Each structure stands twice: as C-alpha cells, then as structure tokens.
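Working notes for the structure below.
Counting convention: from 1, in listed order, for ligands and their atoms alike. Values in this document were obtained by computation on a predicted structure and should not be read as measured data.
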Amino acid sequence: MSISLDTKTFNVEKIREEFPILHQKVNGRPLVYFDNAATTQKPKAVIDAISRYYSTINSNVHRGVHHLSQLATQAMEDSRLTLQKHINARESYEVIFTQGTTDSINLVAIALQRSGLIKSGDEIMVSALEHHSNIVPWQMLCEQSGARLVVIPMNEKGELSVEEYRALLNEKTRLVAFNHISNALGTVNPVKEMVKMAHNVDALTFIDGAQATPHMAVDVQHLDTDFYALSGHKVYGPTGIGVLYGKEDILEKLAPYRGGGEMIESVSFEKTTYAGLPHKFEAGTPHIEGAIVLGTAIDFLNEVGVENIAAHEADLVHYGIERLSSVEGMRFIGEARNRAGLISFVIEGVHPYDVGVLLDKMGIALRTGHHCAQPVMAYYKIPGTLRASFAMYNTRAEIDLMMEGLEKALQMLR
Ligand code: 7TS
C-alpha cells in the first residue's frame, strides 16, 4: 500500500500548534508524547467544542420540547451523521453511541447471550493478537452459554495465519472477533478477507477498530463486517465515548444490552416494549457532550486528511525502525509486512520498565508493559515491551530525542 503525503496541506508544525498540551516541559525537557495508542492528545477544536457545549446548549436529549434540548438533540444526531459518513454505514441508526470499544464489545457479547443466539457447543473465535477487551467479554459469553473459545494462531512476525484460520472455521462458528490493527504490535490484519471467510460459514464478524480508526479510512460496507467498534479518545476526541456499528438486520435481532430510560417505546408493569434503533441500545442519559464532540474530532481528522496522517506516520515508523536498529541488543517485537502506527521492542539485558522510567525523566512518554495483550507477550515469552506509538503531530526530531534518551538510559542501566 503506498500512500503519499500531500505536503501542500499537511504541515506538522502547523498541526502541533493545534494541540496545546504538546507545548510543555516534562521534567525540564520538551514533552515527547509517544503513547498515542493508549490515548491521543486533543486539538483546540475539540477542547473548545466541549466548553462551547456547556456554555451554550447543555441540556438533556431526546426528551425536552424546549429550545436547548432541541439544540442538544440536533447536535448529537448531527454527530451521528458525521460518524455514519465517516465509516460509510448505510444508515445513521446503525451507529450506536457507546462508552468506547470495550463497551461496544460487551454490548454485543451480552446482547447475543440475552438473545439466546449462542448455545452450548457453538464456537466463538478470537485472534491471538487481541487486546484483553476483545478476549474477556467473549470468554465470559462462552462461560455463560457453554460455547467454546477458539483462537486463530499467529506467527513470529506477528501476523495471523489465514490458512489456519480457514481450517478452524466450521458450521459451529457463530462469531469471529479480531482487531483491524493490533495495539501491541501494529499488525494490520487482512480484515476484509477474514470477514469473507467467516461469512462463508455464516458466522458473524466483529472488528475491533480502536487502533485502525486513528490511522486509516474505514468503510464498513466495503469490509462487509457485521460489527465494527471504535473509541473516541483514540481519534483525538473525548474519553468515555465511542461507537458500535452494526448491520441493521443483526442489531434488530439483538435484545437490548441495558434497560432504562431512552431505550423504551412504552413501559408498564406487565410488559415493556423497546425503542427502535439506535435508541434500543442507548439506555439512560448518554455522554451527550462526548457524542457531539466526537463529531468535531472526526471533522478535524478529515480536515487534516486520514491519508496524510497515514503517510506521515508510515514515515515515522520507517524512520524509527531505522534509528532503533542501531541499538545494541535491539529486538523488534512484531514485524508484520503490513503494519501501522507503532513500534514495539525489547532490548537485551534491560527491563522495559526501567527504560520507560528513565525516558520519562527526560520528558519522553513511551508505554511499557503488556499493553493489555498478555497472550501476545506469552507467545513471545516476554513480560512486556517498550512501545512508541505515533500520531499526526509527532516528528522525526522527536524520534531523535527518543534515541538520545535511550542511549543515555542504556548507559545508566548497563
Ligand atoms: N482494542 C484495542 C485494539 C485497543 O488498543 C484498546 C485500547 C481497546 C480495544 C480498548 O479501548 P477502550 O477505549 O475501550 O479502552 N488500547 C490501549 C493501549 O494500547 N494502551 O492503553 C489502551
């Protein structure tokens, strides 16, 4: 995949000006923020939109006839349309606002269980590359229903084995869940092909898009996936808000996830009937400001251009690997042919945690540990990695600072 950077519109220094948090010192040094896979920083447009919401239209949604309630409802529904367009969902009501990716996955796992759609003897498949949030809810579903959890294996490069996946699929497979991009290794999975293979055995598919949505354009109709999840805070938006996309016919078949206000059509002690999509899955007062400002974040992302971001970050990954390769004892963890957004590594003879602590003293924020992907770490027989994960505002100069910091840290530790 070759993507080229439009240097007329993409100017990293101008982009950095949009992010107030970046212009500070940490421990006396300029902040180098390389923990973007955990959460991204927020542009002024997003920060201002939060303040503007509370200063001008704060009100509860979908209930009031009064002016402010109408404005807040309109803004939230406009944001749903922005999200619909962004991921190319067929209908706006296929976009459910959730608390984030974890919440989206739990929603589907619990709703499937409630709907009696998973039975003893069925199989739920996850990949070996998953974040805990795309393992544990399915494991809980298996425990409750008597279904079996099946794992798609990976290889040393951190790629899924498509051939083994094909062999594991069978008429008992009810659902296959996998990420679009791995948060621990940066592997970009062949998701369209994987969806097609699952559909050949009539299994549903759930794509965890938490790490893909900040780095690439996503078209759910093109992928033909049944479900897709994303987190607002990883796409330069607020925390506590995200999206579950689901195909209309499947969402219609699912029982509600949580009961309460907003999700009903009528309530009596004898019988309650439920609202239609998307409200059936949005019980209670939602994260109104979050939902609205997620739309602002997506507008910002598109203004910069997802293709531009992808090209810029690909350059950072390439440059980072080149520079890190010179470090004695360097072992890259995850070397998939198709990768994006981050570099995971360990260095012989030193513990990732110790390196992370020393880098922090120099203002450099890298993630250390298992990245909520313990099975991936177990595969490589390591306790964790150091992870540098990039965003649109990072620069080659920051990678140079990381290298200086790393060399100093290694001198101290060795
Ligand atoms: N799936 C993937 C692939 C992720 O990377 C994460 C968060 C989640 C799901 C959960 O997202 P949430 O927004 O519901 O929390 N990943 C990370 C990480 O890599 N470091 O901190 C959080």
Side-chain angles (χ1 to χ4, degrees), residues 33-42 83 96-110 126-140 152 154 158-160 176-189 191 194 205-216 218 225 227-245 257 287 290-291 293-294 297-298 313 317 333-334 336 338-345 352-353 356 365-377 384-391:
Y33 185 76
F34 281 168
D35 194 18
N36 296 288
T39 200
T40 50
Q41 300 302 348
K42 316 306 168 198
L83 268 299
I96 315 283
F97 284 119
T98 65
Q99 292 170 16
T101 302
T102 303
D103 193 36
S104 299
I105 297 168
N106 278 278
L107 189 164
V108 173
I110 292 171
V126 298
S127 96
L129 279 178
E130 299 311 308
H131 185 280
H132 297 160
S133 71
N134 205 21
I135 299 173
V136 183
W138 306 121
Q139 211 163 30
M140 290 160 94
I152 308 164
M154 61 186 271
E159 295 165 334
L160 294 178
V176 189
F178 43 86
N179 58 47
H180 200 159
I181 298 185
S182 148
N183 73 310
L185 309 179
T187 310
V188 181
N189 286 312
V191 289
M194 291 175 75
T205 55
F206 192 116
I207 302 179
D208 168 350
Q211 293 298 339
T213 35
H215 306 296
M216 59 166 68
V218 171
T225 184
F227 299 105
Y228 197 97
L230 65 94
S231 290
H233 69 99
K234 295 196 201 277
V235 286
Y236 309 95
T239 50
I241 188 75
V243 161
L244 169 69
Y245 158 81
Y257 166 45
H287 184 3
V293 180
L294 177 53
I298 296 296
E313 291 167 345
V317 170
I333 303 295
N338 199 358
R339 59 185 293 176
L342 63 88
I343 308 171
S344 240
F345 58 94
Y353 178 82
L366 256 70
R367 188 66 150 210
T368 65
H370 54 62
H371 318 297
C372 295
Q374 285 183 353
V376 174
M377 300 302 135
T385 74
L386 277 149
R387 182 186 69 181
S389 56
F390 306 119

Notebook entry, point to check: Mind checking whether Leu244 and Phe206 have side chains closer than 4.5 Å, heavy atoms only?
Noted result: yes
Please report which non-hydrogen protein atom sits nearest to [atom], along with the residue it belongs to and the distance in Å to one decimal place.
{"atom": "atom 11 (O) of ligand 1", "result": "Ser231 OG, 3.7 Å"}
{"atom": "atom 5 (O) of ligand 1", "result": "Gln211 NE2, 2.6 Å"}
{"atom": "atom 15 (O) of ligand 1", "result": "Thr102 OG1, 3.7 Å"}
{"atom": "atom 22 (C) of ligand 1", "result": "Lys234 NZ, 3.4 Å"}
{"atom": "atom 4 (C) of ligand 1", "result": "His131 CD2, 3.5 Å"}

Next item on the list: Kindly assign one of parallel, tilted or perpendicular to the pair His132 and His370, based on the angle between their ring planes and the thresholds 30° and 60°.
Entry: tilted
Next item on the list: For a side-chain contact (heavy atoms from CB on, under 4.5 Å) with His233, tell me which candidate from Ile241, Thr39, Thr101 qualifies.
Entry: Thr39
Does [X] reach the main-chain N or O of [Y] with its side chain, forming a donor-acceptor pair under 3.5 Å?
{"X": "Ser344", "Y": "Ala184", "result": "yes"}
{"X": "Gln211", "Y": "His180", "result": "no"}
{"X": "Asn183", "Y": "His371", "result": "yes"}

For ligand 1, is [X] a contact, meaning one of its heavy atoms is under 4.0 Å away?
{"X": "Glu130", "answer": "no"}
{"X": "Asp208", "answer": "yes"}
{"X": "Ser133", "answer": "yes"}

Notebook entry, point to check: Hey, is Arg387 touching ligand 1 through its side chain, its backbone, both or neither, going by heavy atoms under 4.0 Å?
Noted result: side chain
Check: Does the N or O separation between His233 and ligand 1 drop below 3.5 Å for any pair?
Finding: yes
Check: Taking the six-membered ring for Trp, is the centroid-to-centroid distance between Phe34 and Phe390 below 6.0 Å?
Finding: yes
Notebook entry, point to check: Which of the numbered atoms in ligand 1 are below 4.0 angstrom from a heavy atom of Arg367?
Noted result: 20 (N), 21 (O)
Next item on the list: Step by step, work out the side chain to side chain contact (heavy atoms under 4.5 Å, CB included) result for Asp208 and Phe178.
Entry: CA-CA 6 Å; Asp208 168 350; Phe178 43 86; over 6 Å; no
